There are 2 protein chains.
Amino acid sequence: MSIKGLGADVLSRDFPEIRELPLFREIEEAHFEALMRGAYLQTFPPQVELIREGDPSDFLHIVVEGMVEMFAAWNGRETVMETVSPVAAFIVAATVRDAPYLMSARTVLRSRIVLIPSQDVRNVFAADPAFARAVVTELAERYRGVVKHTKELKLRNSLERLANYLLRLQTLTGGAEEFDLPIEKRRLAAYLGMTPENLSRGLRSLEAHGVTNDGARIVIGSAEALRKLARPTPLIDDTSL
Amino acid sequence: MSIKGLGADVLSRDFPEIRELPLFREIEEAHFEALMRGAYLQTFPPQVELIREGDPSDFLHIVVEGMVEMFAAWNGRETVMETVSPVAAFIVAATVRDAPYLMSARTVLRSRIVLIPSQDVRNVFAADPAFARAVVTELAERYRGVVKHTKELKLRNSLERLANYLLRLQTLTGGAEEFDLPIEKRRLAAYLGMTPENLSRGLRSLEAHGVTNDGARIVIGSAEALRKLARPTPLIDDTSL
DNA sequence: CGCTATGTTGATCCATATCAATAAGTGTGG
DNA sequence: CCACACTTATTGATATGGATCAACATAGCG
């Protein structure tokens, strides 16, 4: 199930997207190779817990295939913080700060993950200004993503969150009238800060605004009507899901 | 009310804390001076809106005296995202990304703010690896702060949020049994994601757990009892408010 | 095909918001 | 220094968004 210690050549031949990630694109070849030398590539089945909140950050993770869900728990409750799709790195902040993970991560689908020892990342980070700048860009974008998520939670009710989520999803799928939810509804519910029951009812309510739903399928009859309810703003709804 | 274009010498003589900020401590003297040459120092009365969400990020801001509140609005609703106390920089992410502000900021108290043109910050950021690394550290910490805030909002009910807030505040004030709320209750309520009425009732409910409140004054009769209700965890409650 | 997890729908409950009235500060100008 | 205006905080009554509980339907999957 796992292949250990792949060289930079192997990883970049199989996954040139890694070298092309904004995080790595500008760094020196020698540094990139140093990172990849210690890296693992592993394939995981669905529902595997990759990291657990509170653990020390041993590896920077990069999803190259599949899907990963970041979640957090407290006092018996659990919520979804975000889902990460290829090709993207996660837990960059914990890695560079050498701090414990604040969120857990589990595979949602069968996934291929590159694991880079955190110490290597911190070494290259200290030695390669281009990498340091790339980490800043990445982190700043992540920061802004969480801020948007928080704004949404605090300023919108559940129906508004759902409506805006669908509009963002539509934009991501190129503006198509029909598309599929990328994750299970119960996970979507947790992400949106509501219960599965309420998500069901929410989708029902949106019928009055031209939205149809069957299984994962969503049809937006009138983006105009939906937008009237959702009132999207770039300061919350641009880019990230 | 404002003094323009202070040199590095003036600013660092009057506010050595700026040079000592983690953000600037390690950068080259020449670069620090370049930043300070274009910097403004301004004094603002309370309730002045310093930046407005959506505006382009013209300046990196540093509170050297007073208190600033970051807030966000949507569709007629408004919420407090965080409060910033001296000496700390805010809106670093927007500045380095050259992206619009996601949050607005207003002074809560009469405040002295250093404004550094964003372009200067981005220039030094590109030229000074030590600064770039410092920005990463700063951003990673901010990121983790918002993640904690979001976890708290999604996983705790309002009474639990309040109880944990009081415990964090107690820790910040050195563990004293008595201390004052640092911000108005209505702002605290918005920060905690509740209404002022509910905050009042919440403080009342906490009497059953040994907490007394009169005006801004909080007395924690038994941290033990409060902790039993609050169930704090470092993964949410360490460090930031 | 049947088992198990996921999703739906309805009934009810509860945490929190909203509305309304009062009290207590806080600041201002005479 | 007081009186007035105005904001903030408290308290009670009520409304409601969303959670919970329960029953059933449906869809994956071995």
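As the structure is a prediction and not an experimental result, all values here were calculated from the model.
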Whole angstrom value for the distance that separates [atom2] of [N] from [atom1] of [X]:
| X | N | atom1 | atom2 | result |
| --- | --- | --- | --- | --- |
| Leu199(A) | dT8(C) | CG | P | 7 Å |
| Met194(B) | dT18(C) | CE | C1' | 15 Å |
| Arg186(A) | dA5(C) | CZ | C1' | 8 Å |
| Leu192(B) | dA15(C) | CG | C1' | 16 Å |
| Arg77(B) | dT16(C) | CZ | P | 18 Å |
| Leu203(A) | dT8(C) | CG | C1' | 11 Å |
| Arg187(A) | dG7(C) | CZ | C1' | 14 Å |

Any chance CZ of Arg217(A) has more than 12 other-residue heavy atoms, nucleotides or ligands included, within less than 6.0 Å?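 Yes, the 6.0 Å shell around CZ holds more than 12 heavy atoms from other groups.
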Evaluate the side-chain proximity of [Y] to [X]: yes if any heavy-atom separation is below 4.5 Å, no if none is.
| X | Y | result |
| --- | --- | --- |
| Ile220(B) | Ile218(B) | yes |
| Leu235(A) | Tyr101(B) | no |
| Arg106(B) | Gln47(B) | yes |
| Leu166(A) | Leu206(A) | yes |
| Arg144(A) | Pro100(B) | yes |
| Glu20(B) | Val87(B) | no |

Qualifying residues under ring pair (Phe, Tyr, Trp, His ring centres under 6.0 Å), relative to Phe90(A), sequence neighbours excluded: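 Here the qualifying residues are His61(A).
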From the list dT8(C), dA15(C), dG7(C), which nucleotide is the closest neighbour of the side chain of Asn157(B)?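 Looking only at heavy atoms from C-beta outward on Asn157(B), the closest nucleotide is dA15(C).
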By the 4.0 Å heavy-atom rule, please label [X] as base, sugar-phosphate, or nothing.
| X | answer |
| --- | --- |
| Glu184(A) | sugar-phosphate |
| Asn198(B) | base |
| Thr195(B) | base |
| Gly193(B) | sugar-phosphate |

Upstream residue (5' side of DNA chain D) when Glu197(B) and Gln47(B) are each assigned their closest nucleotide: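 It is Gln47(B), whose closest nucleotide lies nearer the 5' terminus.
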Checking only heavy atoms, does the side chain of Arg156(B) share a donor-acceptor pair with the base of dT16(C) at less than 3.5 Å?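 Answer is no: no donor-acceptor pair is held.
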Any donor-acceptor pair under 3.5 Å joining the side chain of Arg201(A) to the base of dG7(C)?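 Flag unset: no donor-acceptor pair detected.
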Is it true that the NZ or CZ of Arg156(A) lies under 6.0 Å from the centre of Trp74(B)'s six-membered ring and within 45 degrees of the ring axis?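 Positive - Arg156(A) is close enough to the ring of Trp74(B) and near enough to its axis.
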Decide whether a cation-pi geometry holds between Lys154(B) and Tyr191(A); the criteria are a distance under 6.0 Å from NZ or CZ to the six-membered ring centre and an angle within 45° of the ring axis.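 Positive - Lys154(B) is close enough to the ring of Tyr191(A) and near enough to its axis.
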Using a 4.0 Å heavy-atom cut-off to protein, can you give one letter per nucleotide of nucleotides 21-27 of chain C, 5' to 3': B if the base is in contact, S if only the sugar-phosphate is, - if neither? -------
Could you tell me from which nucleotide to which nucleotide of DNA chain D, 5' to 3', there is an atom under 4.0 Å from chain B heavy atoms?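 Footprint of chain B along DNA chain D, 5' to 3': dT8(D) to dA13(D).
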